[in-house]
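In what follows, a structure is listed as C-alpha cells, so that the remarks can point back to it.
To find a chain, count down the sequence lines: A is the first, B the second, and so on, and within it residues start at 1. No experiment lies behind these values; they were computed from the predicted model shown.
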Number of protein chains: 2
Amino acid sequence: MTRFYESIERHLVAVDCVIFGYDIIDKNLKLLLIKRRFEPLKGGWSLPGGFVNDDESIKEAAGRVLKQLTGLEQVYMEQSYAWGEPGRDIGGRVITISHFALIKIQDIDPVMQEASAAHWRNITRLPDMVLDHSNLVGRALKELKERVKVKPVGFELLPEKFTLVQLQDLYEAIYMKNVDKRNFRKKILSMNLLEKMDEKEKETSKKGAYYYKFLPEKYEEFRRQGFYFNLDVN
Amino acid sequence: MTRFYESIERHLVAVDCVIFGYDIIDKNLKLLLIKRRFEPLKGGWSLPGGFVNDDESIKEAAGRVLKQLTGLEQVYMEQSYAWGEPGRDIGGRVITISHFALIKIQDIDPVMQEASAAHWRNITRLPDMVLDHSNLVGRALKELKERVKVKPVGFELLPEKFTLVQLQDLYEAIYMKNVDKRNFRKKILSMNLLEKMDEKEKETSKKGAYYYKFLPEKYEEFRRQGFYFNLDVN
DNA sequence: CCAAAAGTGTTAGGCTTACACCCATGC
DNA sequence: GCATGGGTGTAAGCCTAACACTTTTGG
C-alpha cells in the first residue's frame, strides 16, 4: 500500500471519546472519564482514547476504545472534531479526532468499568481535565444539544422503556433548562414515534407512570416520507 | 517534544478543501477543483489538498493549501470531517480532514488560478472525482446548506455590495429550490443586518436594483444580545 | 410605448406558548 | 384523607406561507 507518499511527515493520530450517559435516578447527564494510565500526566482526568492502528478506520478505532472501556458495541457514536494544534499534547504532537457516544448507563459492564477505573462524572461538575480535553467535551456537548433537537437520539441514553417524565427530565438535563410539561408531551406524542405500554413505572410515584418505548422503524418510515424530527422546546 | 509515544504507528495526515464560490452572473454555486498533479491518479479531478506539516495546525495546513491555490487569506473556512478508511487512498493510507471554504470568486488571483490549473465547476455538474472526494463534497454541501440557514455566511460568497435579487439567487442556488421573493426580503431585512446603499446596480435591469451591504458588527452585537440568525425559507 | 426586472402588503391558518387543576394511589 | 407525583386542554398571538400588481427606465 505505501508505495507513494514515502518522504512525507507522519503523525500520531488518536481518537478520544466523549461518552455521555444519563442517570435516570438523580436526573444528571454524565460523562465517563478515566484516570490517565500513562505518562505524561499519568493519573489526570482524561477522556478515554487511543491511537489509530494502521489497519483500522477512525470509526473502528473509536469503537474499539469504547468497547474496551464499556464492553458495549453498536453504540450511537458521532465524529465530532479533529484537534491538531502542534502543542496540544505535551507528550508529543498528536492529532486526535474526538467522538461523542450515547450509552445507556445500565448497559455498561460493571466489571469492565471497575477494571478500567472509569468514573461517571456529572456534566455540571466536571473535574479539571488533561490537555485540551475540556474543549473536546465542550464541543461535544454543544453538538449533542443540537443533535437531540433534530434527531431522536435522546432515547440512546434511556432504557428501552421509559416514562414521559423521564424523557422530559433527560431533555431538561441536556438543555439545562426547564421545559413545559404539557407542551413537551403534546409535541413528542404528536410525532407518533412512541408506543405506550400497558405497564407502569411505580417506583417514583404512587399513581405510577406509563412506560413508553421508542419505535425506530416508525422514525425510518416517516423520514423516508420527508418527516423531520423536531423537539425544539421553550 | 517526542519523548513519549515513540513506538506507536504514525499516519499520513492531509487536509482537503471544498472551496465554494458563487457566480453572480450565471447564478451557479461552484467548486474550485484541480487536476491532480502527482501519481497515483495523476490528472484526475481532485479537491485541492496537502499534507499536514509537523509544525502547523490542521487549520493552518488548510489555510496554506487555500492560499497556495487562490492567493487568499482570512477566508471563511470550517472543518468538516475526518476521513480515515484504510483503503480510501490507493496510494497508501492517508487520513484526510476535509474543510469547506467560502470565497468571493472575483477575489481570486487569476495568475495563481491559472498556474495551479484550478477550475471552477458547477456544483450541479461535477466531474467524477478521484478517491472518495465526491463524498467529501457531498458532506460539505450538506453542511453548507445547514450553515447558511443559521449563520450569515452567505455573504462570504458575494461581493461587498450586492442586490437583494443577487442574495436571493445565491440562496436559491445553495438550497437548490425557489424562494418566495417577498417573504425572503421581508425576512432578511427584518433582521437589520443589511445596509441599503444609495447606489444601484444597473447592468441587469433598466430600473436598477439597490445595492446592500452586510454589517458584520451588527450581527456580532445582536448575537451578544441573544439573537439567532435564521433564514429558513420555504 | 413596451419589455424586463425591481419592488412592495395583506390575509388565513397553523404553530407556539402560557397556564392550573384533577387523578390515582400508598401510606 | 392527605400528600405525592402523573396526567390533561384551551386560548391568544405570533409567525409562516401564499399570492399579484405597480414602478422604473432604456431602447
Taken to the nearest whole Å, OH/A/Y211 to P/D/dG7 is 12 Å
Does a side chain donor of either B/Y219 or B/E217 reach within less than 3.5 Å of an acceptor in the other side chain?
no
Listed nucleotide nearest any side-chain atom of B/A209, set D/dG6, C/dA6, D/dA18
C/dA6
Between B/K67 and B/E73, is there a side-chain N and carboxylate O pair less than 4.0 Å apart?
yes
NZ of B/K187 versus P of C/dG9: gap in Å, rounded?
19 Å
Cation-pi check, B/K161 to B/F214: give yes when NZ or CZ is under 6.0 Å from the six-membered ring centre and within 45° of the ring axis, no otherwise.
no
A/K151 to A/F229 six-membered ring, cation-pi geometry met (6.0 Å, 45°)
no
Once you round it to whole Å, what is the distance between C1' of D/dC15 and CE of B/M191?
13 Å
Please report the C-alpha distance between B/Y171 and B/F184 in whole Å, then the side-chain angles of each, then the deciding distance to 0.1 Å, and finally whether the ring-ring contact (aromatic ring centres under 6.0 Å, His included) criterion is met.
CA-CA 10 Å; B/Y171 270 84; B/F184 180 81; 5.7 Å; yes
Distances under 3.5 Å between protein N/O atoms and the N/O atoms of nucleotides 10-15 of chain C, please, pair by pair.
residue : atom : partner : partner atom : Å
C/dT10  : O4   : B/K186  : NZ           : 2.9

Report the distance from atom CG of B/D232 to atom C1' of D/dA17, rounded to the nearest whole Å.
13 Å
Cation over ring face, A/R147 and A/F100, 6.0 Å, 45°:
no
Under a 4.0 Å threshold between the charged nitrogen and the carboxylate oxygen, would B/E220 count as salt-bridged to B/R224?
no
Using only heavy-atom distances, determine whether the side chains of B/E201 and B/T163 contain a donor-acceptor pair under 3.5 Å.
no
Residues of residues 195-207 of chain B with a heavy atom under 4.0 Å from any atom of DNA chain D, listed by number, are B/K202, B/K206, B/K207
Could you give the CG-to-P distance, from A/L164 to C/dC23, as a whole number of Å?
20 Å
On the side chain of B/R182, is there an atom forming a donor-acceptor pair with the base of D/dA20 - under 3.5 Å, no angle test?
yes
Is NZ or CZ of B/R36 both nearer than 6.0 Å to the six-membered ring centre of B/W45 and within 45° of the ring axis?
no
Distance, rounded to the nearest Å, where B/Y228 contributes OH and D/dC15 contributes P
17 Å
Specify the separation, in whole Å, of atom NZ of B/K181 and atom P of C/dA4.
15 Å
Send over the distance from B/L189 CG to C/dG7 P, rounded to a whole Å.
10 Å
